[in-house]
Amino acid sequence: MKTILVLNGINLNMFGKRDPAQYGTATLAEIDAALVALGAELGVQVECFQTNHEGEMVARIHRAFDEGVAAVVINAGAWTHYSYGLRDALAILKAPIVEVHMSNIHAREAFRHHSVLAEIARGQICGFGPDSYLLGLRAAVTLAG
């Protein structure tokens, strides 16, 4: 069975508490559960990982390379806008990458409009709240073949 790795970056463990007007009230645990359930429907295993430590995220991406994951769905949080280290780690992967965001990053503060991950991602889905993740998983499964 193919594995899709879902990566969540800095501060995303605070979904449901952090700025509900921007991010809604769903918790990361609820989003993860919905992803696992959808993955089962789509015939893939979904593994979810979250960290607030950039080095831990890079180490998990390196492990994903060794494991040969079929695809990656990533919401890097604020790292999206400046972490070239994270971008370089993701670029090592042979698997397709789908970037997701709960909010529409293009309709927010100017610094959020740019993603350093965009050049290596197959696509970006943003602005649909928790559904951004579900849409991202569907795209990842399709890309993984």
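Here the structure is a predicted model, which is why all the values come from computation and not from measurement.
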Is there side-chain contact between [X] and [Y], with at least one heavy-atom pair below 4.5 Å?
{"X": "N8", "Y": "Y133", "result": "yes"}
{"X": "V98", "Y": "I74", "result": "no"}
{"X": "H114", "Y": "Y82", "result": "no"}
{"X": "L12", "Y": "R18", "result": "yes"}
{"X": "I10", "Y": "M57", "result": "no"}
{"X": "R108", "Y": "S103", "result": "yes"}
{"X": "N75", "Y": "F15", "result": "yes"}

Subject >> Flag, side chain of N104 to backbone of C126, donor-acceptor distance under 3.5 Å >> reply: no
Original post:
Hey, does the side chain of K2 reach the backbone of G145 with a donor-acceptor pair shorter than 3.5 angstrom?
Top reply: yes
Nearest 0.5 Å, please: how far is [atom2] in [Y] from [atom1] in [X]?
{"X": "E119", "Y": "L117", "atom1": "CD", "atom2": "CG", "answer": "10.0 Å"}
{"X": "T142", "Y": "L42", "atom1": "OG1", "atom2": "CG", "answer": "8.0 Å"}
{"X": "Q50", "Y": "N13", "atom1": "CD", "atom2": "CG", "answer": "4.0 Å"}
{"X": "F65", "Y": "L5", "atom1": "CZ", "atom2": "CG", "answer": "14.5 Å"}
{"X": "L134", "Y": "L38", "atom1": "CG", "atom2": "CG", "answer": "5.5 Å"}
{"X": "R87", "Y": "I120", "atom1": "CZ", "atom2": "CD1", "answer": "5.0 Å"}

Do [X] and [Y] belong to the same hydrophobic cluster, where Ile, Leu, Val, Met, Phe, Trp and Tyr are linked whenever their side-chain heavy atoms lie under 4.5 Å apart, directly or via other members?
{"X": "I97", "Y": "I125", "answer": "no"}
{"X": "Y84", "Y": "L90", "answer": "yes"}
{"X": "F128", "Y": "Y23", "answer": "yes"}

Original post:
Between T51 and R60, does any side-chain donor sit less than 3.5 Å from a side-chain acceptor?
Top reply: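 Short answer, no.
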Original post:
In terms of side-chain heavy atoms, does S115 have a donor or acceptor partner in E99 at a distance below 3.5 Å?
Top reply: yes
Original post:
For V6, which of V72, I31, V73 qualifies under side-chain contact (heavy atoms from CB on, under 4.5 Å)?
Top reply: V73
Subject >> For the student: nearest non-hydrogen atoms of G39 and L137, plus distance >> reply: N-CD2, 3.8 Å
Subject >> side-chain hydrogen bond (donor to acceptor under 3.5 Å, both in side chains), paired with H106, selected from H113, Q124, R112 >> reply: Q124
